Amino acid sequence: MELYKTNQLKIYNSLSKSKEVFKPIVEGNVGMYVCGPTVYSNVHLGNVRTFMSFDMIFRYLKHLGYKVRYVRNITDAGHLTDDDAEDKISTKARLEKIEPMEVVQRYTIDFHNTLQNINNLPPSIEPTATGHIVEQIEIIKDILAKGMAYEVNGSVYFDVLKYNETENYGILSGRKIEDSIENTRALDGQSEKKNPQDFALWKKADERHIMRWPSPWSDGFPGWHLECSAMSTKYLGSEFDIHGGGMDLKFPHHECEIAQSKVKNGVNPVHYWMHANMLILNGEKMSKSTGNYILPNEIFSGENNILSKPFSPSVTRFFMLQANYRSILDFTNAGIEASEKGYIKLEEAVNNLDNIAVSNKSSIDVKGWKQKCYDAMNDDFNTPILIANLFEAVKFVNLLLVKKETITAIDLKELKSTLKAFFYDVLGLKNEIQQDSSDKLTGVIELLIQMRKEARDNKNWSLSDQIRDELLALGIQLKDGKEGTTFSVN
RNA sequence: GGCGUCGUGGCCGAGUGGCUAGGCUGGGCUCUGCAAAAGCUCCUACAGCGGUUCGAAUCCGCUCGAUGCCUCCA
């Protein structure tokens, strides 16, 4: 039987600002849409945290037995820069004197490589904005026909004030449109919009704009917010279960999405809105302009001015999973160093699962422990609590190894499968220790362990310590125990 | 200025009306030839000031501080 039938998952819904019991539209199936990146530069660690958070959510939903269709778009057109209303991709292409699609290709590859490095699963569908121009034009036609948009000089804008007469613009972000009217900063005039709150559905392209498509209104390009409405509707339907994205997209992006979809399809598109919180660096917002930012590859390679040494993708992932996805997380050297030490302990315990002897009765409560793991994840994907429970299992494993606790074969099987399922499948961690120990290396080390034992039996401490210390210098740690000596490779 | 979020022990980071978070660090002990590893154990906190309550870190109010959005942003 599928696990979702016996687990009551609760999800924090940004729409209601509370945790709600998760009930999909179609039992056993989940439709999830997550706003993807605009591929005009390398993804930084903050981007990665958001996508990693939804990867964890995707993984747990699958673990519960749901059939999940996970759609995450690539924004390759329509996302404007702030200063001169030019497309981000187009700007980059002009600056580097390459084709816009070369920009898209370069950073899409970087995005995929980085997410693969950090062990994210690929989404079920990864559609692009430029691949859905036709769908977007159809939505604009529909919104125009319903009188909720207007055309000015070849551009089309969504009429937010009119929409707000019958609907609630601000339903997600909690903003009141009156406030935003009062507090709108004076923009440099020249706006075609009837009201500053209005947003573009279609923009006419000027002469220098490289990316352009024909439409009934002008040669131009779609507004940024529109692509998500078009693609989520196309692949998940007019109503679907989960929509995710970074906290910073809540307003205006997601608010606009709701408005567009509501006009087009007549229903509120999303049942559960989920927002992942920001990652900050040394207490401050990540920002390219101030230099306070770090790229994932710089963490893995150690080529940066922030960290004392390189940290692996799994350690980076583990660090981020030790905080709740809805909390702001501060990335610091001390923080990831602490995570690395804990992570190694956890990895070793996972490896040691196979070295445990069984008894005819259990002194530890495996069932109760397992339930606590599920309770943590069922409570809005509380990975910090889950990890705290995994460390409880680490203690079990270590006590079992020195025979201070006992376990039956059945309980051991359950402990193994549960710990491995959460470690590998749900949290998406990799066991880096295991990868480094080839059979040949293991044989060599075991030989040295044997030689050291003989030296110790002869009280030849200088030789035994030399073997131990020089191996340690190579990253191989010997561990003496009652049952003999074991080792780990870092 | 407007709309939010948050302030937890040496550090990171959960919890959110009464009951152990967890990790890292530091001290002590057991084990060990000495260490390391492992185990046990100690350091027992909730920004400040009021209020509600039998009882508040947890609810309410104010103050202070941090931070996000309001303009592109995961």
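Chain A is the first sequence line, chain B the second, and so forth, proteins listed ahead of strands; every chain is numbered from 1. Predicted model, so just to flag it, every value in this text is computed and none were measured.
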Participant: Using the C1' atom in both, what is the distance from B:C11 to B:C19, to the nearest Å?
Facilitator: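 It comes out at 27 Å once rounded to the nearest Å.
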Participant: Only one of A:K453, A:R468, A:R452 clears side chain to side chain donor-acceptor pair (under 3.5 Å) with A:D480; which?
Facilitator: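 Filter result, single survivor: A:R452.
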Participant: If we ignore angles and hydrogens, is there a donor and acceptor under 3.5 Å between the side chains of A:H275 and A:H254?
Facilitator: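 There is such a pair between these side chains.
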Participant: A:D110 CG to B:A74 C1': how many Å, rounded?
Facilitator: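 Spelled out: CG on A:D110 to C1' on B:A74 is 14 Å.
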Participant: Rounding to an integer number of Å, can you tell me how far A:N382 CG sits from B:A14 P?
Facilitator: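 From A:N382 CG to B:A14 P: 8 Å.
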Participant: Between B:G22 and B:U71, how far is it from one C1' atom to the other, in whole Å?
Facilitator: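 These two C1' atoms come out 41 Å apart once rounded.
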Participant: For A:I280, answer base if it contacts any base atom (sugar-phosphate contacts may also be present), sugar-phosphate if it contacts only those atoms, and nothing otherwise; contact means non-hydrogen atoms under 4.0 Å.
Facilitator: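 Nothing, no heavy atom under 4.0 Å.
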Participant: Among B:A14, B:C24, B:G22, find the nucleotide with the atom closest to the side chain of A:P384.
Facilitator: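 The answer is B:A14, which lies nearest to the side chain.
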Participant: Applying a 4.0 Å non-hydrogen cut-off, can you work out what A:M247 is touching in the nucleic acid: base, sugar-phosphate, or nothing?
Facilitator: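 No contact.
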Participant: Rounded to whole angstrom, note down the C1' distance from B:A45 over to B:G13.
Facilitator: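 Between the two C1' atoms, the distance is 13 Å.
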Participant: Any cation-pi pair here, A:R212 with A:F221, using under 6.0 Å and within 45°?
Facilitator: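 Judged by the rule, A:R212 and A:F221 form no cation-pi pair.
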Participant: Would you mind reading off the distance between A:E340 atom CD and B:U25 atom P, rounded to a whole angstrom?
Facilitator: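 Computing the A:E340:CD to B:U25:P distance gives 11 Å.
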Participant: Of all the choices, B:G13, B:G22, B:C69, which nucleotide is nearest to the side chain of A:D248 once you look at every atom?
Facilitator: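 Among B:G13, B:G22, B:C69, the one nearest the side chain of A:D248 is B:C69.
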Participant: Taking the six-membered ring of A:Y374, is NZ or CZ of A:K372 closer than 6.0 Å to its centre and within 45° of its axis?
Facilitator: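 A:K372 over A:Y374 ring: no.
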Participant: Does atom NZ (A:K395) have a neighbourhood of more than 12 heavy atoms from anything else shown, all under 6.0 Å?
Facilitator: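 It does not: A:K395 NZ has 12 such atoms or fewer within range.
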Participant: With rounding to whole Å, what would you report as the distance between B:U20 and B:U44 at their C1' atoms?
Facilitator: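 To the nearest whole Å, 11 Å.
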Participant: To the nearest angstrom, how far is A:R326 atom CZ from B:C69 atom C1'?
Facilitator: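 Checked: the CZ to C1' distance equals 18 Å.
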Participant: Can you tell which of B:C24, B:G23, B:C69 lies closest to the side chain of A:K285?
Facilitator: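 So the side chain of A:K285 is nearest to B:C69.
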Participant: Can you tell me, in whole Å, how much space there is between the P of B:A36 and that of B:C31?
Facilitator: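 One P to the other, the span is 15 Å.
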Participant: Round to the nearest Å and state the distance from A:N282 atom CG to B:U67 atom P.
Facilitator: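 Nearest whole value for this atom pair: 13 Å.
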Participant: Write out the stems for RNA chain B, ordered by first number and formatted as range with range, counting runs of at least 3 consecutive Watson-Crick or G-U wobble pairs under 3.5 Å.
Facilitator: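 As far as RNA chain B goes, consecutive pairing (with distances under 3.5 Å) yields the stems B:1-7 with B:64-70, B:10-12 with B:22-24, B:26-30 with B:38-42, B:47-51 with B:59-63.
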Participant: Of all the choices, B:G13, B:A14, B:G22, which nucleotide is nearest to the side chain of A:F391 once you look at every atom?
Facilitator: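 Output: B:G22.
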Participant: Assign A:G46 to base, sugar-phosphate, or nothing according to its heavy-atom contacts below 4.0 angstrom with the strands shown.
Facilitator: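 If one applies the 4.0 Å heavy-atom cut-off, A:G46 turns out to touch a base.
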Participant: Rounded off to whole Å, could you give me the CH2-to-P distance for the A:W369 and B:U20 pair?
Facilitator: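 Interatomic distance, CH2 of A:W369 to P of B:U20: 21 Å.
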Participant: Less than 6.0 angstrom from the centroid, inside 45 degrees of the normal: does A:R72 satisfy that with respect to the ring of A:Y33?
Facilitator: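 Not flagged: A:R72 not positioned over aromatic ring of A:Y33.
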Participant: Could you state the atom-to-atom distance from CG of A:N389 to P of B:U20 in whole Å?
Facilitator: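 To the nearest whole Å, that distance equals 15 Å.
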Participant: Tell me yes or no: between the side chains of A:N460 and A:S462, is some donor less than 3.5 Å from an acceptor?
Facilitator: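 Per modelled atom types, A:N460 and A:S462 side chains form a pair under 3.5 Å.
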Participant: If the threshold is 4.0 Å, N to carboxylate O, is there a salt bridge linking A:D411 and A:K367?
Facilitator: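 Looking at A:D411 and A:K367, the cut-off is not met.
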Participant: Tell me whether the count of non-hydrogen atoms from other residues, nucleotides or ligands lying under 6.0 Å of NZ in A:K416 goes above 12.
Facilitator: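 Buried by this count: over 12 neighbours within 6.0 Å.
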Participant: Nearest to the A:I385 side chain among B:A21, B:A74, B:U25, which nucleotide is it?
Facilitator: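 The nucleotide sitting nearest to the side chain is B:A21.
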Participant: What one-letter contact string describes nucleotides 29-38 of chain B from 5' to 3', where B marks a base within less than 4.0 Å of any protein heavy atom, S marks contact via sugar-phosphate atoms alone, and - marks no contact?
Facilitator: ---SBBBBBS
Participant: Rounded to whole angstrom units, what separation is found between the NZ atom of A:K372 and the C1' atom of B:A21?
Facilitator: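 Interatomic distance, NZ of A:K372 to C1' of B:A21: 10 Å.
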Participant: Tell me, with the steps shown, if A:F240 and A:Y235 meet ring-ring contact (aromatic ring centres under 6.0 Å, His included).
Facilitator: CA-CA 10 Å; A:F240 55 96; A:Y235 298 111; over 10 Å; no
Participant: So what does A:A323 touch, heavy atoms closer than 4.0 Å: a base, only the sugar-phosphate, or nothing?
Facilitator: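 It contacts sugar-phosphate atoms only.
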Participant: Which comes earlier along RNA chain B counting from the 5' end, the contact point of A:G36 or that of A:F318, where each point is its nearest nucleotide?
Facilitator: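 Result of the comparison: A:F318.
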Participant: Taking the P atom of each, how far is B:G7 from B:C40, in whole Å?
Facilitator: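 Taking atom P in both B:G7 and B:C40, they lie 31 Å apart.
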Participant: If I pick the P atom on B:G10 and the same atom on B:A21, what distance separates them, to the nearest angstrom?
Facilitator: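 Rounded to whole Å, the distance is 15 Å.
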Participant: Which whole number of Å gives the distance between the P atom of B:A47 and that of B:A14?
Facilitator: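 Those two atoms are separated by 15 Å.
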Participant: Indicate whether OP1 or OP2 belonging to B:G13 is found under 4.0 Å from a side-chain N or O atom of A:S327.
Facilitator: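 It does not, given that no N or O in the side chain of A:S327 lies less than 4.0 Å from OP1 or OP2 of B:G13.
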Participant: A side-chain contact here means heavy atoms from C-beta on lying under 4.5 Å apart; do A:N195 and A:V160 qualify?
Facilitator: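 Of all side-chain heavy-atom pairs linking A:V160 with A:N195, none is under 4.5 Å.
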